[in-house]
Amino acid sequence: MNEKEYYIPDGTYWPIIGSIGISILLIGFANQMHGVSWGSSAMVLGFAITVFMLFGWLGQVVNESVNGQYNQQVDRSFRWGMSWFIFSEVMFFAAFFGALFYARMLSVPWLGGADNNIFTPDLWNGFSATWQQVAFTTPGTTLQSGTAISIPTKLVEATGLPALNTILLLLSGVTLTLAHHALRSDNRNQVIGWLVATITLGVAFLGFQVMEYGHAYADGLKLTSGIYGSTFYMLTGFHGFHVTLGVIMLTVILFRVQKGHFSANNHFAFEGVAWYWHFVDVVWLGLFVFVYWV
Amino acid sequence: MTTATASHDEHHHGPEKGLMRWVKTTNHKDIGTLYLWFAFAMLLIGGALAMGIRMELLQPGLQLMDPHFFNQLTTMHGLIMVFGAIMPAFVGLGNWLIPMMVGAPDMALPRMNNWSFWILPFAGGILLSTFFMEGGAPAFGWTFYAPLSTTFAPDSTDFFIFAVHLLGFSSIMGAINIIATVLNMRAPKMKLMDMPLFVWTWLITSFLLIGAMPVLAGAVTMMLTDRNFGTAFFDATGGGDPVMFQHIFWFFGHPEVYIMILPAFGVVSHIIPTFARKPLFGYSSMVYATASIAFLSYIVWAHHMFLTGMPVAGELYFMYATMLIAVPTGVKVFNWISTMWRGSMTFETPMLWAVSFVFLFTIGGFSGLMLGIAPADIQYHDTYFVVAHFHYVLVTGALWSIIAATFYWLPKWTGKMYNEGLAKVHFWWAVISVNVLFFPQHFLGLAGMPRRIPDYSLQFADFNMISSIGGFAFGASFILFTYIVIDCIRNGKPATARPWEGAKGLEWTLAPKAQYHSFNTPPSRELIKSESQHS
């Protein structure tokens, strides 16, 4: 494509298909939560439509890219788009980190009687302000939603699996960078090797994370364990979800490398996924320090 | 071939025919049009709810509805106006105008542009459907504070949550697109400090959207899990805190109010120089003021929470930080007035709206300053004074600029002129009735009438009746507005390429009805310079 020409795609059905899919998914989810029988079927249907849309839409973009319909200006638009998308993800995690810090530094100490809270002995008698075991410990107390509170018997520790997972993810960042260097020097076999290593590390991370969840759950740490359980599972859960997405995206990139879609100078998709992977990596470091360690 | 290039002839790549044109479109003008009509439909729905509110408040006592339904009306009125009307209208204006103003053929990511619009009708549909659910629509106010929205809310709240997720998704994609368009599709010869102010304000608004909307998504996600999965984010029994909800919400909510006003500043900064026939006074200070307002908007959120309970040091900090915003806002108002100073002023309809924007928005800004004073806010908090304040900034601010922009750029969108006489009648009708509607609410608030209440003490009866009558008149003015716009589209006299004598800007160099893809070849440095609104 001529560098002087602007790229303007024709009309497309993918967005409306995506909107329909996501709407069915969410409407199904809401109904499933309210115990409506068709809720989960609608969720499956909506999810299937959404995945179909992603395959179709991104497949079309891949084809256009391979056919050389994109110029450098399109490449730059993709770069701006991806980087600000990642920033929006950062802000999404920031909300949950904010909740963690607020609870840790303010609400839990206040409930425990900090800052001269004269009502604490009367109103909050039986409240345990110990981090990780925050909640009413009086037997029979439930959350406002009516759910029973599960107080964990053992505390989550940073050593062991979380530390191992930190090493795995940091290593995967290195192997991915090595893959990028190999791509820039046009060494496809090396790219494939390092990409496979990255994906393996990612999958191993997810496996250990599942094990870690198993241990935590067995010790009584659940979503219903008060604010620590809430932030623990929501933060690590959303992070695990993003790692899963990252592994899927890396796998797609691996297939595309095998097909020879990328050249030393033109491989935005690879870089976009690499940025995403590093973002997931950085979020984990925050998790490791603030959820597991301190 | 799945793509075409803009260097082809227009008839090779004009709009498709039929309904599917609008579903499939990747064209910034089509999508802008869709956004604007969607926003207008939502404005009418939200306005109808407001009529219901004002009807109940016409007289003291419960006349028409039970208090629970009244709460649903105030809640949904706020949500629809903020997320359904004002925000999409600005995205629509951005879609229509930014590619023309920066000398580009279209937006940077046209397919994603389609998606950011086509999520909206689904989100809006889900939101509106809550009215017909068991337990009714959300009734906890547009700010959906926990535990009203978690422990004590109807099942429809989960649908509301997902609607907010979708709306946020749409806004983030729209913002990403605008950033990529401004930074990457801008004519190569146009420097950042050559950009028109509407482009600047939208660029900065995009950063606010990308920073704030994901936090809102986080807030509603926490609500969702608190409601359905036993988490305790906003539940003190488990060590969480309902007050934390307010912090997270307003961390989103304060940037949100600037999301709704910065593009308005941009619009007004185009219209005033045109009809004053002078370059915009203090262009670079306008840019820096916009950026300062955006930055400050992230660090003042708790001024919405002075009565929620917070250490005194916190109250002091948030009060002084809030006062700081008056400085860049003052710079802007000063610049608009200085632009008009000794100009060759004429008062066509867009200028009437723009000048009244400056005057009325400033009233809203001053009442905002009053509310930002922590000790005084103890009196004003949750009264009709707050309602008057944010309607002055949102109706006579944001909405005013949208109507001004509609009249100013309608000739470029349709290639036709609207009926100037009728439009002036409409302006005076709207500007008088809106003040009859909202100005007495200041007095009601200062006298202590609480907001979100369907009934009130007899002492408030007179001002409420005045306000309601103003409200009905203002609501009716939109019938005339609809007629003027449709009349322009159907029967308007042909417009020239530059229908306003003093107008500058690349969009006026295009055909009277701007062609489907704005600029096939980027404009030259000379053209950009000669079309600049600032020297």
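Here is how names work: the chains are called A, B, and so on, in the same order as the sequence lines, proteins then strands, and each is numbered from 1.
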If you count heavy-atom pairs under 4.5 Å with chain B, which of [options] comes out on top?
options	answer
A:Ser150, A:Gly18, A:Ser83, A:Ser128	A:Gly18
A:Phe85, A:Trp14, A:Phe29	A:Phe29
A:Ala99, A:Gly81, A:Ser145	A:Ala99
A:Val134, A:Thr141, A:Thr147	A:Val134
A:Arg79, A:Met234, A:Lys222, A:Met33	A:Met33
A:Tyr233, A:Trp84, A:Tyr228, A:Trp80	A:Trp84

Exercise. Below 6.0 angstrom between ring centroids: does that apply to B:His517 and A:Tyr6?
Worked result: no
Exercise. Do the two ring centres, one from A:Tyr276 and one from A:Phe279, sit under 6.0 Å apart?
Worked result: yes
Counting only non-hydrogen atoms closer than 4.5 Å, does [X] touch chain A with its backbone (N, CA, C, O), its side chain (CB onward), both, or neither?
X	value
B:Phe245	neither
B:Asn228	side chain
B:Ile179	side chain
B:Asn27	neither
B:Leu120	neither
B:Phe251	side chain
B:Ile119	both
B:Phe207	side chain

Problem set entry | Part of A:Ile149 within contact of chain B (heavy atom distance under 4.5 Å) | side chain
For this session: For B:His165, check side chain to side chain donor-acceptor pair (under 3.5 Å) against everything at least two apart and list the hits.
Result: B:Thr221
For this session: State, with a plain yes or no, whether a side-chain heavy atom of A:Val74 is found less than 4.5 Å away from one of A:Phe268.
Result: no
For this session: Not counting sequence neighbours, which residues clear side chain to side chain contact (heavy atoms under 4.5 Å, CB included) with B:Thr181? List them please.
Result: B:Ile98, B:Met107, B:Ala108, B:Asn177, B:Met185
Problem set entry | Polar side-chain atom of A:Asn31 near backbone of A:His34 as donor-acceptor pair, under 3.5 Å | no
Problem set entry | Expected output: side-chain B:Lys189 to main-chain B:Ser524 donor-acceptor under 3.5 Å | no
Exercise. Going through the checks in order, is the side chain to side chain donor-acceptor pair (under 3.5 Å) test met by B:Asn95 and B:Tyr35?
Worked result: CA-CA 9 Å; B:Asn95 253 297; B:Tyr35 263 113; 5.0 Å; no
Seminar exercise, completed: Given the options B:His247, B:His254, B:Glu256, B:Trp301 meets side-chain hydrogen bond (donor to acceptor under 3.5 Å, both in side chains) only with B:His247
For this session: Return yes when atom CZ of A:Phe101 has more than 12 non-hydrogen atoms of other residues, nucleotides or ligands closer than 6.0 Å, and no otherwise.
Result: yes
